[in-house]
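Chain letters run A, B, ... following the sequence lines, proteins first, then strands; residues in each count from 1. Every heavy atom of this structure was used, including side-chain atoms; hydrogens, water molecules and symmetry mates were not.
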2 protein chains.
Amino acid sequence: MKLTSKGRYAVMALVDLARFDTINPVSLRDISLRQGISLDYLEQIFSKLKKNQIVKSTRGTQGGYILSKKPNEIKLNNILNAVDEKVKTVQCKKESKKGCNGRATKCVTHNLWDELETHINTFFEKKSLQDLLKDNSERVN
Amino acid sequence: MKLTSKGRYAVMALVDLARFDTINPVSLRDISLRQGISLDYLEQIFSKLKKNQIVKSTRGTQGGYILSKKPNEIKLNNILNAVDEKVKTVQCKKESKKGCNGRATKCVTHNLWDELETHINTFFEKKSLQDLLKDNSERVN
DNA sequence: ACATACCTGACTAAAATGGTCAAGTTTAGA
DNA sequence: TCTAAACTTGACCATTTTAGTCAGGTATGT
């Protein structure tokens, strides 16, 4: 399982977007400056967010990104999946005749990681962008 | 955050140990063969488990490892911490005057990762080796 | 036309991962 | 007492992932 900066950046950027896209599209440049994330890296991230229909883009001067849906309809789960931060805890070979570790049976921890995966996914499915906005409504930055 | 093979191996090895240490210490060699984990790697893992008083060792012929406590007293949390698979989701610089990203404020997702961390830790604190033994009591391997 | 901003893909330094290898020390049992 | 089994320690390493950078584009509002 992995939960690294990419996922964090994606969430940060989208919270930023949710705050500022009410009138005009928001440029990555602005997000980059406000959130302290490299512009080039943001472009990679937004490319994936766009492919997953989480944001929409407008090109040209005054262009930028806006959210595709309302903040309460965008779950953290959607965001993290979009940037390939899928919650994956076990690397048991699926569909092979043998189970984990090349054995006939599943490794003794197999069910455990499955449970954990569900546990974490549930957490992210419940949280929406809206929830984060609310939590940080008093913040300046 | 990271949850990789090392943690999985540690749990697998301890479940194995819990099953077989009733009479004699169990050698890493045996665990290695039964669980399909490299012996050398197991040695690294058990070195840490020992430092954290999760297992005790006996040297020499017929030596090996036994659990320091009863299976129901060993929480998964203890195991994963011992092998450095601490649940860590954010790399915000602690104790610096500035918050995440070198800003004066915490990044908007700071609380989120904190919550997740608690969420996951709670999961592991509730699970003991005993629980895993029970789940797999019918297994052959 | 030109500046702004999106778009794409190749590239890379540094860190983490999942080990291996070598050289011990300790102790049970023959 | 000798020796093999088993623990102990630390260095080393190939591969993969991460977190970007860089170098080009293309589209479009003014």
For atom [atom1] of [X] and atom [atom2] of [N], their distance in whole Å:
X     : N      : atom1 : atom2 : value
A/F20 : C/dA5  : CZ    : P     : 16 Å
A/L28 : C/dT8  : CG    : C1'   : 14 Å
B/K48 : D/dG10 : NZ    : P     : 12 Å
B/N24 : C/dT27 : CG    : C1'   : 15 Å
B/L42 : D/dT8  : CG    : C1'   : 14 Å
A/L17 : C/dC6  : CG    : P     : 10 Å
A/K51 : C/dC6  : NZ    : C1'   : 14 Å
A/Y41 : D/dT17 : OH    : C1'   : 10 Å

Mind checking salt bridge (charged side-chain N to carboxylate O under 4.0 Å, His left out) for A/K127 and listing every partner two or more places apart, or none if nothing turns up?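 B/E115.
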
Taking the side chain of A/S27 as its heavy atoms from C-beta onward, which of C/dA28, C/dA5, D/dC7 lies nearest to it?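 Closest nucleotide to the A/S27 side chain: C/dA5.
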
Nearest-nucleotide pick for B/S47, side chain only, options being C/dG19, C/dA10, D/dT9: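 Of the candidates, D/dT9 comes closest.
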
Test for a donor-acceptor pair under 3.5 Å between the base of [N] and the side chain of [X], counting only N and O atoms.
X     : N      : value
A/E43 : C/dC7  : yes
A/R59 : D/dT26 : yes
B/Q44 : C/dT20 : yes

For B/G63 and for B/L39, locate the closest nucleotide of DNA chain C by heavy-atom distance; then report the residue assigned to the nucleotide nearer the 5' terminus.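 Result: B/L39.
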
Does [X] place a side-chain N or O at less than 4.0 Å from the phosphate oxygens OP1/OP2 of [N]?
X     : N      : answer
A/S38 : D/dG20 : no
B/Y65 : D/dA6  : no
A/K50 : C/dC7  : yes
B/S57 : D/dT8  : yes

Given that A/T61 and B/D30 both sit by DNA chain D, which one's nearest nucleotide is further toward the 5' end?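 The 5'-side residue here is B/D30.
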
Once rounded to the nearest 0.5 Å, what's the spacing between atom CG of B/L17 and atom CG of B/L129?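 Going from CG on B/L17 over to CG on B/L129, the span is 8.5 Å.
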
Need one value for B/F46: base, sugar-phosphate or nothing, where a base atom within 4.0 Å counts as base even if backbone is also close, heavy atoms only.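 B/F46: no heavy atom of the nucleic acid under 4.0 Å.
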
Assign A/V26 to base, sugar-phosphate, or nothing according to its heavy-atom contacts below 4.0 angstrom with the strands shown.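 Touches sugar-phosphate only.
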
Could you check A/L28, A/I54, A/L42 and say which one makes a side-chain contact (heavy atoms from CB on, under 4.5 Å) with A/Y65?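 Exactly one option meets the side-chain contact (heavy atoms from CB on, under 4.5 Å) with A/Y65, and it is A/L28.
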
According to a hydrophobic-cluster definition based on side-chain heavy atoms being under 4.5 Å apart (Ile, Leu, Val, Met, Phe, Trp, Tyr only), do A/F123 and A/L76 belong together?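 A/F123 and A/L76: one cluster.
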
So, A/S68 side chain and A/Q53 main chain: donor-acceptor pair closer than 3.5 Å or not?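 Present.
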
Hey, does the side chain of B/N81 reach the backbone of B/N78 with a donor-acceptor pair shorter than 3.5 angstrom?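 No, the answer is negative, given that no donor and acceptor are paired below the 3.5 Å cut-off.
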
